[in-house]
J.: 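Please read through the structure below; I'll follow up with questions.
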Amino acid sequence: MEDRGVEERRDAVVEAMVHAWDSYRNYAWGYDELLPLSKGGTDSFSGIGMTVLDALDTLYLMGLESRYLDGRKWVEEELELESVGLVSVFETTIRGLGGLLGAFEVSGDELFLRKAEELGYRLSSAFQDTRLPHPVCFLSNMTCPKTWRGDAALLAEVGSLQLEFHSLSRLSKDEYIQSLGAKTKDFVRCIGLELRPEHNGVPPTSMRVTDGRFVSARRTFGAPSDSFFEYLAKSWIQGGKLHDPLRDMYRASVGGLVEFTETIQGLGSFVREHVNGQYRYQMDHFTCFIPGMLVTGLDAAESPQQRKDWIELAKNITDTCLVFYNRGVGGLAGETIFASNGEISLMHGYELRPETIEALFYMWRQTKDEQYREWAWEIFQRIESNCRISTGYAALEFRGGELRKKNIMHSFFLAETLKYLYLIFSDDSVLPLDKFVLTTEAHPLRIDTCFSSF
Ligand code: DMJ
């Protein structure tokens with residue numbers, strides 16, 4: 001028998017999704033994201049309807065059928081990729097392509113696969129003439145201009161496209177589309193070739209797309225590198241745990257993570273950055289993706305002892321992320337935490353981000369310790385009381401000594417934050433982790449056990 005309290009909590013999360021979606025539907029339909037304060041929409045991703053694409057699989061999983069069908073209809077009748085301008089290849093892959101593929105995986109509806117093929121095809125202009133992918137391209141005419149960074153791109157941009165493109169290649173019957181997954185895995189191999197022993201498995205934050213050379217002296221597990229590490233583990237799992245070099249790259253990066261992590265009084269396991277030969281005591285909220293990554297990648301451990309160590313590290317970093325919340329104004333965490341000479345300073349505010357809730361979800365699945373559900377519920381209630389307004393959910397900033405609402409509801413709030421909350425109060429049979437791998441945007445992609453890759 002299911003615990004009544006859990007069922008009620010899950011229903012409350014579903015109601016929050018209804019409120020977020022209906023607000024977007026009422027005030028920002030077809031725009032990329034909702035502006036909850038001004039009751040309008042913004043095309044923060046060049047007008048691809050990002051919130052629709054990002055939210056589809058969450059709506060489906062929650063059983064919100066009429067809303068899901070409304071989103072489906074929009075994809076069928078309104079999504080015109082040929083008229084979308086300049087996009088970030090990374091954001092469009094993880095949110096848009098991942099969203100369409102996740103919707104296909106949960107529903108089996110071929111419409112989403114057809115649209116994913118078209119989007120994957122248009123994005124593939126980024127892969128044509130350089131060693132690493134261009135970071136931005138026009139979907140309309142499939143050209144890729146330089147950015148203000150010139151030939152440089154960021155680690156997550158070039159090294160975390162492979163989960164989505166691997167799935168697309170596997171599902172498509174088109175020969176060209178089938179070739180794209182391998183290309184995105186080649187990018188990761190290229191990054192691996194540039195690594196030196198002194199990097200300790202942790203590449204610098206940026207590299208030249210022309211020749212793959214590193215062009216930064218900063219190394220971090222936070223932005224803009226985070227999902228690179230996550231995708232090492234997850235693409236090894238997605239490919240049936242068959243490709244040893246990928247597993248070895250992942251293991252090496254966790255070795256680096258151990259070096260980067262220091263215990264700090266009052267904070268616990270703090271994941272530092274490395275800049276110009278020195279550690280810097282700065283940890284992003286983004287970094288709270290690490291416990292989920294560690295739990296997902298446990299089978300890559302070299303020994304039972306290492307497995308235990310990784311679980312312990314995951315637990316400790318989750319605890320640190322909770323400290324960020326408990327010490328933040330309103331009980332929510334801002335973007336970055338600094339620690340120096342025994343002093344700790346937190347940025348206050350909250351961007352509706354999922355990473356700590358994601359950590360709680362994976363720790364719950366791994367340990368079945370009820371405490372993780374309790375913490376998730378606590379954070380959900382803080383979101384409800386601080387971020388919810390009659391026209392949606394608003395991110396928060398700390399200005400003039402108080403928390404103020406910001407005029408944005410990010411699409412990842414529907415794709416990730418509310419999905420992880422729903423999953424934590426659901427049975428493990430909803431998205432079983434031996435059958436699905438969740439992308440960095442929490443879109444479920446099926447693990448293929450008889451498909452050797454990389
Ligand atoms: C999401 O879009 C993805 O998780 C991405 O990898 C980085 N973080 C944002 C949400 O915080």
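Order of listing sets the numbers, starting from 1, for every ligand and every atom in it. All heavy atoms count here, side chains included; hydrogens, waters and symmetry mates do not.
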J.: Output all residues satisfying side chain to side chain donor-acceptor pair (under 3.5 Å) with Asp109, sequence neighbours left out; order by chain, then residue number.
T.: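 With sequence neighbours excluded, Asp109 shows a side chain to side chain donor-acceptor pair (under 3.5 Å) to Arg72, given in chain and number order.
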
J.: For the pair Lys115 and Glu78, find out whether any cationic side-chain nitrogen is under 4.0 Å from an anionic carboxylate oxygen.
T.: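 Judged by the 4.0 Å cut-off on N to carboxylate O distance, Lys115 and Glu78 do not form a salt bridge.
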
J.: Between Phe229 and Phe221, is the ring centre distance below 6.0 Å?
T.: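 Under 6.0 Å, so yes.
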
J.: Can you list everything that forms a side chain to side chain donor-acceptor pair (under 3.5 Å) with Arg114? Sequence neighbours excluded, please.
T.: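 Result, side chain to side chain donor-acceptor pair (under 3.5 Å) vs Arg114: none returned.
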
J.: Could you pull out the N/O contacts under 3.5 angstrom between ligand 1 and the surrounding protein atoms?
T.:
| residue | atom | partner | partner atom | Å |
| --- | --- | --- | --- | --- |
| ligand 1 | 2 (O) | Glu441 | OE1 | 2.6 |
| ligand 1 | 4 (O) | Glu416 | OE2 | 3.0 |
| ligand 1 | 4 (O) | Thr440 | O | 2.7 |
| ligand 1 | 6 (O) | Thr440 | OG1 | 2.7 |
| ligand 1 | 8 (N) | Glu355 | OE2 | 3.2 |
| ligand 1 | 11 (O) | Arg353 | NH1 | 2.7 |
| ligand 1 | 11 (O) | Glu355 | OE2 | 2.7 |

J.: Any side-chain to backbone donor/acceptor pair from Arg327 onto Leu346? Under 3.5 Å, distance only.
T.: no

J.: Among residues at least two apart in sequence or on other chains, which ones pass side-chain contact (heavy atoms from CB on, under 4.5 Å) with Thr147?
T.: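 For Thr147, the residues satisfying side-chain contact (heavy atoms from CB on, under 4.5 Å) (neighbours in sequence not counted) are Pro135, Val136, Arg149.
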
